[in-house]
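Below: one structure, written as structure tokens.
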Amino acid sequence: MHAYLHRSEILNKFNTIHQSFVLNLYGNFVDNIRLYVRGGSGGMGLPRLGGLGGNGGDIWVVAKKGITLKQIKDKHPNKRFTAGVGSNSSIHALRGAKGEDSQVFAPVGISVTTDNGRILGELNCEGDNLLVAKGGHGGSLHSGFLPSKGQTRQIRLDLKLIADLGLVGFPNAGKSSLLTALSHAKPRIASYPFTTLRPEIGKVMYDDHKQVSVADLPGLIEGAHVNKGMGHKFLKHVERTNQLMFVVDICGFQLASNTPFRSAFETVLLLNKELELYNEELLGKPAILVINKMDLPEAQGRLRELETHLENQEESSHLFHEDVIPKSLMRFTHVVPVSATTGLGLPLLKSLIRQSLEEQNIIETDGQRSERLLKLRREIPTSSIPSWGFSQPT
């Protein structure tokens, strides 16, 4: 009994050290930051001559390539940004000058929220900017020539990676190997779980110089929707990928000796359920299912079994415990067997990735065009629409 307890204590200590090690490594990648921002106060008005004080400066968050949240944290350790004060009105300048604006340069692909979670805006392209703290008004007749203070806020910059494709899979499914085989990225690869501790972005290159960005994200585990493992760190990045690529080990998956073994089809169901429990809207994204490790001896037999289950998802899902079954089943645009190790199926996968993204782009473009036309029709008064070719009432 004592020996058992001693062994248990050792295992607990080991797990604590391992978790600390993972967090320290992942901690080098900053994916959110909290800032204090304050707009500049306005300048005093000049009552004797009716002069207007200058407005205080504003604070803007501006998207810029090459910037990281970690750089902001390192460069501004106090994480405070204040704008310039407006100039006072004077005999020489009855209208005081506006205070200097302050810019917070941030990465492309962030959402800006208040402390209570209200979304102020998103910066998706370089040069996008967002007003986060407005300067105070300068003194004028209406305010008794007294200025007002600038707006004060605590804001959060939350990085959600923007990539064409996001790899979704449990640890050791071979996502890192697949990313390496498809692109020029060089993520850490090893035969044990959690080798990806921070997001990796790779570029898939085509002969006509077209590029597709693929994000390999930290390994998902069961319970991620309630923030187990790297749960929300993983899932929030998935939200900002255009499409998903499920990567599944054809031989199944088992995280540890005390966790259940999951077959390939059961793994698909679990991944589906984790996304659904976190945010059902993720299931609306186009998705490709990649069956990896097809170079293993037993792979062909297991693939036939998996294909049978996928063809009859509703019926097959009832063979498993209800905790595993999602409410809505993911529909995959393509199912592609590959081997990231030998290169089997990779040319076809590259072709289908591009095809899927181009099809999505056409659908979205047509949808946007139809939406613009409907908007224009609503804005144009009926009486102004020409009636060429129609007889007019006499």
Side-chain angles (χ1 to χ4, degrees), residues 31-32 109-114 116-122 124 156 158-171 173 175 199 214-248 253 255 262-290 306 309-335 353 356-357 359-361 363-364 366-368 371:
D31 56 6
N32 65 82
I110 61 165
S111 62
V112 184
T113 61
T114 60
N116 60 8
R118 185 166 68 88
I119 297 175
L120 298 176
E122 295 183 345
N124 296 325
R156 293 178 183 273
D158 194 23
L159 176 65
K160 294 181 177 182
L161 296 178
I162 293 180
D164 295 311
L165 214 62
L167 302 184
V168 178
F170 287 133
K175 301 192 305 301
V214 181
D216 178 19
L217 309 168
L220 185 65
I221 66 169
E222 292 179 48
H225 68 280
V226 290
N227 212 18
K228 284 188 180 179
M230 295 178 186
H232 290 175
K233 284 183 180 291
F234 170 89
L235 290 164
K236 74 175 183 181
H237 291 310
V238 176
E239 289 181 293
R240 290 292 292 279
T241 56
N242 289 325
Q243 297 195 8
L244 305 179
M245 185 188 290
F246 280 41
V247 184
V248 172
F253 171 70
L255 180 63
R262 306 296 190 184
S263 67
F265 181 64
E266 201 173 1
T267 302
V268 173
L269 292 178
L270 277 167
L271 291 170
N272 190 154
K273 190 171 180 71
E274 285 298 335
L275 296 184
E276 178 184 77
L277 289 171
Y278 177 72
N279 182 355
E280 285 189 47
E281 291 181 7
L282 292 176
L283 303 186
K285 289 180 181 287
I288 297 172
L289 175 59
V290 175
L306 174 59
H309 285 314
L310 290 171
E311 287 168 6
N312 307 278
Q313 282 197 66
E314 286 83 356
E315 295 172 14
S316 296
S317 62
H318 294 303
L319 300 173
F320 302 95
H321 194 275
E322 61 181 12
D323 290 345
V324 177
I325 305 171
K327 288 187 296 183
S328 303
L329 293 168
M330 200 104 186
R331 300 298 175 186
F332 299 101
T333 54
H334 305 284
V335 178
I353 286 171
S356 183
L357 288 166
E359 287 171 353
Q360 181 187 9
N361 187 51
I363 292 169
E364 289 179 351
D366 288 346
Q368 289 167 359
E371 192 176 317

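Just so it is clear, the structure is predicted and the values come from calculations on it, not from any experiment.
L289 and L310 make their closest contact through CD2-CD1, 3.7 Å (heavy atoms, listed as atom of the first residue, atom of the second, distance). Among all heavy-atom pairs drawn from L167 and K175, the shortest one is CD1-O, 3.7 Å. For the pair E276 and S328, the tightest heavy-atom approach, listed with the atom from each and the gap, is OE2-N, 2.7 Å. The two residues F246 and N272 make their nearest non-hydrogen contact at CE2-N, 3.9 Å. M330 approaches L282 most closely through the heavy-atom pair CE-O, 3.9 Å.
Rounded to the nearest 0.5 Å, atoms CG (L357) and CD (Q243) are 4.5 Å apart. Note: L244 CG to L165 CG = 7.5 Å, rounded to the nearest 0.5 Å. Rounding to the nearest 0.5 Å places CG of N242 at 9.0 Å from CG of N361.
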- Task: Evaluate the criterion side-chain contact (heavy atoms from CB on, under 4.5 Å) for residue pair F253 and L270; output intermediate values, then yes/no.
- Result: CA-CA 11 Å; F253 171 70; L270 277 167; over 6 Å; no

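Residues H309 and L319 meet the side-chain proximity criterion, which asks for heavy atoms closer than 4.5 Å.
Judged as a side chain to side chain donor-acceptor pair (under 3.5 Å), and not counting sequence neighbours, E281 has no contacts.
Under the 4.0 Å criterion applied to side-chain N and carboxylate O atoms, E322 and K327 are not assigned as salt-bridge partners.
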